[in-house]
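I have placed the structure first, in the form of structure tokens, so that the comments after it can refer back to it.
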Amino acid sequence: MIDRLKGFRDFYPEDMEIRENIFSTMRERARVFGFRPIDYPSLELLEMFRLKSGDEILSQTYSFRDRGDREITLIPEATPSTVRMLVARKDLPRPVRWYNIPKLWRYEEPQSGRTREHVQMNADIFGDDSAVADADIIGLACSILNSLGLESRYEVRINERKIMEYILTESGSRNILSDMAVIDRFHKSDKEEIVSKLSANGMGSENAERMYDFLGRKYKINAIEEGIGEFFNFSDFREKIQRLERTGEILVDNGFRDVVFNPSTVRGLAYYTGIVFEGFDIQGKFRSIFGGGRYDNLSSLFSGIEIPAVGFGMGDAVLENLMRDLDLWKQKSKVRRYYIIGIGDAGNLAAVKMAFSLRDRGIQAVAHTGGKNLSNAMKTASNLNFTHAVMIGSKEIEEKNCTVRDLASGEQKNVNPDDI
RNA sequence: GCCGGGUUGGGGUAGGGGAUAUCCUUGGGGACUGUGGAUCCCCGGACCCGGGUUCAAUUCCCGGACCCGGCCCCA
């Protein structure tokens with residue numbers, strides 16, 4: 001026996017068929033939102049990720065030196081490659097809307113919802129700094145989840161990095177990035193820990209207490225300004241707040257109601273420059289289903305060209321956790337699959353012929369080859385998950401029809417093969 | 001990298017310092033040849049790996065691997 005690598009997964013047909021459904025839902029939703037597919041290598045220069053994320057990420061990559069002594073790595077995230085492709089084509093008319101569903105790798109300890117290899121849908125809009133673009137990105141993520149039957153089973157928490165930076169500064173923070181990291185851990189830490197860390201970073205304990213209370217809040221998207229006003233009074237950032245409210249309103253007005261403003265959603269350190277968001281299951285059982293935000297500086301880091309950008313990533317692992325939990329991990333509608341059983345020599349010939357003929361019409365059909373008797377053939381049809389068994393013997397050949405049995409209901413009728 | 005809990009045929013399990021390791025299911029073969037998606041008969045297939053204790057280890061101890069979950073970190 002050869003073992004599979006730790007943290008990697010095999011997929012057998014019963015799961016793979018469901019996964020393919022999910023991926024085609026993602027592609028279809030992306031298509032109607034105006035996104036076009038791209039793809040890029042699974043191996044890239046390590047330097048690209050060092051540039052974006054610093055050395056921190058390097059300890060978590062599958063990286064090595066190739067025969068030309070280049071430091072290369074299996075890609076741990078999608079955005080850098082996408083941006084690399086974008087800035088390499090200066091002729092592209094903007095805005096650019098791209099998506100991809102790549103495999104990504106991280107060398108870390110596997111746990112629930114995270115493996116060493118996963119598939120993550122990514123969609124980005126480049127060259128459009130509007131609130132509509134922000135709303136489209138979140139809307140696409142929501143639209144995918146809704147199409148998968150997850151409507152009202154998740155909520156999207158949104159926030160704005162600039163607003164948080166401002167509030168932190170006004171509250172006396174002397175280290176914005178480090179405080180963002182503290183805030184990012186809001187749901188994993190207790191009050192004492194957060195308050196003391198924030199206090200130590202510059203804001204007094206009174207401000208830190210107030211900040212803590214603020215972080216735990218959730219507001220409807222049309223009440224962000226009032227919500228913030230309960231804790232802080234300032235007017236300099238009305239514009240940013242209004243923009244965030246506008247983004248939220250677009251979503252709510254178009255049927256995506258489960259969007260809330262949540263101050264503790266800040267997405268770690270990262271490179272986000274505007275809106276940030278994360279989707280969670282409403283029960284709070286799993287890790288985030290998707291996450292993303294606006295990152296207007298990344299392309300200039302890569303090329304010196306400034307191109308505004310907003311995007312999200314949605315991994316397959318948490319999605320599977322959630323869908324299994326809600327009993328949605330199953331084939332949506334059963335496509336017809338015919339198992340054609342010939343009886344006698346003439347019947348066997350006719351069965352094979354009929355299988356080819358059905359396939360020409362795009363219908364899945366397999367001719368029984370096992371011999372034996374009819375009841376065994378029926379058992380095979382049933383075990384192999386066919387929806388219908390078709391019987392052809394001398395009687396049918398004479399009458400130019402076939403006997404079709406619905407294996408779920410047991411109903412049986414004689415029909416002309418062309419009418420299937 | 002760290003912490004906790006696991007590991008018996010393909011899947012699910014029983015058991016246990018000594019015997020042919022239990023049961024269900026799945027898989028394979030045969031009988032049966034127009035519908036009992038049955039039935040009957042037969043056959044495969046497992047104690048995660050290494051070391052220790054012991055006359056004897058699948059069972060007890062230690063280490064490792066892997067799985068599940070958590071931490072760190074984060075997509």
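By convention in this document, chain letters (A, B, ...) are assigned in the order of the sequence lines, proteins followed by strands, and residues within each chain are numbered from 1.
Between A:K52 and A:Y107, the residue anchored closer to the 5' end of RNA chain B is A:Y107, taking for each the nucleotide with the nearest heavy atom. Place A:Q60 and A:D406 on RNA chain B by their nearest nucleotides, and A:D406 ends up nearer the 5' end.
Between the P atoms of B:G28 and B:G10, the separation comes to 15 Å (whole Å). Straight-line distance between the C1' atoms of B:G45 and B:U22: roughly 15 Å, to the nearest whole Å. Distance check on atom C1': B:C47 versus B:G9 gives 10 Å, rounded to whole Å. Comparing the P positions of B:C60 and B:A19 gives a spacing of 16 Å, expressed to the nearest Å. With both ends at atom P, the span from B:A65 to B:G30 equals 46 Å, rounded to whole Å. Spacing between B:G1 and B:C23 at atom P, rounded to whole Å, works out to 43 Å. Comparing the P positions of B:A14 and B:U8 gives an interatomic distance of 10 Å, to the nearest angstrom. Nucleotides B:G52 and B:A57, compared at atom C1', are 11 Å apart to the nearest Å.
In this structure, A:R114 has no side chain to side chain donor-acceptor pair (under 3.5 Å) partners at least two apart in sequence or on a different chain. Listed by chain and number, the residues in a side chain to side chain donor-acceptor pair (under 3.5 Å) with A:N122 are A:Q120 (sequence neighbours excluded). Residues forming a side chain to side chain donor-acceptor pair (under 3.5 Å) with A:D325 (at least two apart in sequence, or on another chain): A:Q283, A:K285.
Among the atoms of the strands shown, none is found under 4.0 Å from any heavy atom of A:G291. Contact annotation for A:S394: base contact, defined as any heavy-atom pair under 4.0 Å involving a base atom. If you check every strand for non-hydrogen atoms under 4.0 Å, A:I343 touches a base.
At whole-Å resolution of the value, CE in A:M391 and P in B:G34 are 12 Å apart. Rounded to whole angstrom, the span from the NZ atom of A:K379 across to the P atom of B:G30 amounts to 14 Å. Atom pair A:Y271:OH and B:A75:P shows a separation of 7 Å (rounding to whole Å applied). What separates CG of A:L384 from C1' of B:U26 is a distance of 13 Å, to the nearest Å. Spacing between atom CZ of A:R287 and atom P of B:C72 amounts to 10 Å, rounded to whole angstrom units. Per the geometry, CE belonging to A:M121 stands 19 Å off P belonging to B:A75, to the nearest Å. Rounded to a whole Å, the NZ atom of A:K285 is 13 Å from the P atom of B:G69. Between the CG atom of A:N376 and the P atom of B:U39 there is a distance of 11 Å, rounded to whole Å.
In this structure, A:F280 has its ring center at least 6.0 angstrom away from the ring center of A:F286.
Here B:G18 sits opposite B:C55 as a Watson-Crick or G-U wobble pair (both hydrogen-bonding atom distances under 3.5 Å). Here B:C40 sits opposite B:G30 as a Watson-Crick or G-U wobble pair (both hydrogen-bonding atom distances under 3.5 Å). The partner of B:G4, taking Watson-Crick or G-U wobble pairs whose two distances both stay under 3.5 Å, is B:C68.
A cation-pi contact, defined as under 6.0 Å to the ring centre and within 45° of the axis, links A:R359 to A:F356.
A salt bridge links A:E320 to A:R324: at least one charged side-chain nitrogen sits closer than 4.0 Å to a carboxylate oxygen.
Applying the 3.5 Å distance criterion, the base of B:A75 shares a donor-acceptor pair with the side chain of A:E108. The base of B:G34 lies close enough to the side chain of A:E396 for a donor and an acceptor atom to sit less than 3.5 Å apart.
The stretch residues 16-53 of chain A participates, sequence neighbours left out, in no ring pair (Phe, Tyr, Trp, His ring centres under 6.0 Å) pair at all. Evaluation of the side-chain hydrogen bond (donor to acceptor under 3.5 Å, both in side chains) test over residues 162-172 of chain A, restricted to residues two or more places apart or in two chains, returns A:Y166-A:D236. Sorted by first and then second residue, the side-chain hydrogen bond (donor to acceptor under 3.5 Å, both in side chains) pairs with a member in residues 300-319 of chain A read A:R9-A:D316, A:R19-A:D316; sequence neighbours excluded. Within the structure, the ring pair (Phe, Tyr, Trp, His ring centres under 6.0 Å) test picks out the following pairs touching residues 386-420 of chain A (sequence neighbours left out): A:Y338-A:H388, A:Y339-A:F386.
No donor-acceptor contact under 3.5 angstrom links the side chains of A:Y219 and A:N262, judged on distance only. In this model, a donor atom of one side chain and an acceptor atom of the other lie less than 3.5 Å apart for A:H187 and A:S264.
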Considering only distance and modelled atom types, tabulate donor-acceptor pairs under 3.5 Å from the side chains of residues 410-420 of chain A, sequence neighbours left out.
| unit_1 | atom_1 | unit_2 | atom_2 | d |
| --- | --- | --- | --- | --- |
| A:Q412 | OE1 | A:R405 | NH1 | 2.7 |
| A:N414 | OD1 | A:T403 | OG1 | 2.8 |
| A:N416 | OD1 | A:D418 | N | 2.8 |

Mind listing the side-chain donor-acceptor pairs of residues 145-153 of chain A below 3.5 Å, one per line with the distance, residues two or more places apart or on another chain?
| unit_1 | atom_1 | unit_2 | atom_2 | d |
| --- | --- | --- | --- | --- |
| A:N146 | OD1 | A:Y154 | OH | 2.9 |
| A:S147 | OG | A:S143 | O | 2.9 |

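RNA chain B is contacted by A:E109, A:Q111, A:S112, A:R114, A:H118 of residues 109-118 of chain A, taking any non-hydrogen atom closer than 4.0 Å. Of the residues in residues 306-325 of chain A, not one comes within less than 4.0 Å of RNA chain B through any heavy atom. For residues 185-198 of chain A, proximity to RNA chain B is found at A:R185, A:K188, defined as any non-hydrogen atom under 4.0 angstrom from a strand atom.
Of the listed nucleotides (B:G34, B:G27, B:C66), B:C66 has the atom at the smallest distance from the side chain of A:K6.
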